[in-house]
Amino acid sequence: MTSVVSISTCSAEQTIAAAGALAGAVRPGDLIVLCGDLGAGKTAFTQGLGRALGVTTPITSPTFTLANRYEGDLVVNHLDVYRLAHIDEVRDLGLHELLDDKSVTVIEWGDAIAGVLPGGYLEVRITLGDGSDDRVLEFRTVGEEWTDREAALSNMAGPASDGGGTC
Ligand code: ADP
Ligand code: MG
């Protein structure tokens, strides 16, 4: 696992903007794993990514539905495995089928099922900072799928798209 970049945000809007910046690096078939406590901003991040990928319908938390599907420039599959009682249930999600060449798949709490994920992925870990709206987004690549995009990810933390500027 390679730690690529860390971005500080101090509002949901800045997290949404940071996720939007990631959209430029996303490819069909990608898997993005979001980790962080309840209320960290995983769903907010997905909303920003989805919006930047052309999803116009509101993206809501899939905590109770397990998986939602949105049509944009790509299909955005949005999963939340928080309520999975057993790792065997991952089979029912049909992850292999979701990861096709027309979609990007985002899994909230995906670190809980890391051992059974198909292939590599981008991990985005969101942790709380000092202020109530402060968050730190840490991006790590796992496997080879994202290796050639690490430079692009690093650029996301640059001055032009720095979500962590003045609060
Ligand atoms: P999760 O999916 O991780 O449980 P949500 O995205 O549903 O979290 O909720 C995050 C909450 O935190 C939202 O109410 C959002 O407005 C708020 N928030 C405050 N500051 C931030 C920030 N910097 N980034 C993301 N969300 C933030
Ligand atoms: Mg959520």
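When a ligand or atom number is given, it counts from 1 through the structure's own listing order. The figures that follow rest on heavy atoms only: side chains count, while hydrogens, waters and symmetry mates do not. Along the sequence shown, residues carry numbers from 1.
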Full working for salt bridge (Lys or Arg N to Asp or Glu O under 4.0 Å) between Glu89 and Arg91: CA-CA 5 Å; Glu89 294 175 48; Arg91 251 178 298 154; over 6 Å; no
Test log, rule side chain to side chain contact (heavy atoms under 4.5 Å, CB included), inputs Leu137 and Phe139: CA-CA 7 Å; Leu137 280 50; Phe139 294 74; 3.9 Å; yes
Stepwise salt bridge (Lys or Arg N to Asp or Glu O under 4.0 Å) test for Arg140 and Glu123: CA-CA 5 Å; Arg140 293 187 185 85; Glu123 178 187 285; 3.0 Å; yes
Test side chain to side chain contact (heavy atoms under 4.5 Å, CB included) applied to Leu84 and Tyr82, step by step: CA-CA 6 Å; Leu84 281 193; Tyr82 183 65; over 6 Å; no
Stepwise side chain to side chain contact (heavy atoms under 4.5 Å, CB included) check, Leu22 with Phe45: CA-CA 10 Å; Leu22 174 66; Phe45 187 94; 3.8 Å; yes
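Note on ligand 1: Asp37 sits in its first shell, one or more heavy atoms being nearer than 4.0 Å. Using 4.0 Å as the threshold, Ser11 has a heavy atom nearer than that to some atom of ligand 1. The shortest heavy-atom distance from Gln14 to ligand 1 is not under 4.0 Å.
Residue-to-ligand polar distances place Thr43 within reach of ligand 1: an N/O pair is separated by less than 3.5 Å. Considering backbone and side-chain N/O of Arg135, one or more are found under 3.5 Å from N/O of ligand 1.
Salt-bridge annotation for Asp111 and Arg125: present, with a side-chain N of the basic residue lying under 4.0 Å from a carboxylate O of the acidic one.
Note that atom 10 (C) of ligand 1 has protein non-hydrogen atoms nearby, at separations under 4.0 angstrom. For atom 14 (O) of ligand 1, no protein heavy-atom neighbour is found at a distance under 4.0 Å.
Atoms of ligand 1 found under 4.0 Å from any heavy atom of Ala44, numbered from 1 in the order shown, are 6 (O). Atoms of ligand 1 found under 4.0 Å from any heavy atom of Leu38 (numbered from 1 in listed order, with element): 4 (O). The Asp133 neighbourhood of ligand 1 comprises atoms 19 (C), 20 (N), 21 (C), 22 (C), 23 (N), with distances under 4.0 Å to a heavy atom of that residue.
Considering OG of Ser61 and CD of Glu108, their distance stands at 5.5 Å, rounded to 0.5 Å.
Ranking the protein heavy atoms by distance from atom 4 (O) of ligand 1 puts Gly39 N, 2.8 Å first. Counting only heavy atoms of the protein, atom 25 (C) of ligand 1 lies nearest to Thr15 OG1, 3.4 Å. Among protein heavy atoms, atom 8 (O) of ligand 1 sits closest to Gly41 N, 3.1 Å. Nearest to atom 21 (C) of ligand 1 among the protein's heavy atoms is Ala12 N, 3.4 Å.
In plain terms, the two heavy atoms of Asn77 and Ser103 that are nearest each other are ND2-CB, 3.5 Å.
With Asp134 contributing its side chain and Gly131 its backbone, the two residues share a donor-acceptor pair below 3.5 Å.
For residue Tyr82, no N/O/S atom approaches the Mg ion (ligand 2) to within less than 2.8 Å.
When rounded to 10 degrees, the angle formed at the Mg ion (ligand 2) by OG1 (Thr43) and OE1 (Glu108) equals 90°.
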Determine all donor-acceptor pairs shorter than 3.5 Å in which one atom belongs to a side chain in residues 28-36; sequence neighbours excluded.
unit_1	atom_1	unit_2	atom_2	d
Asp30	OD1	Arg149	NH2	3.1
Asp30	OD2	Arg27	N	2.7
Asp30	OD2	Arg149	NH1	2.7

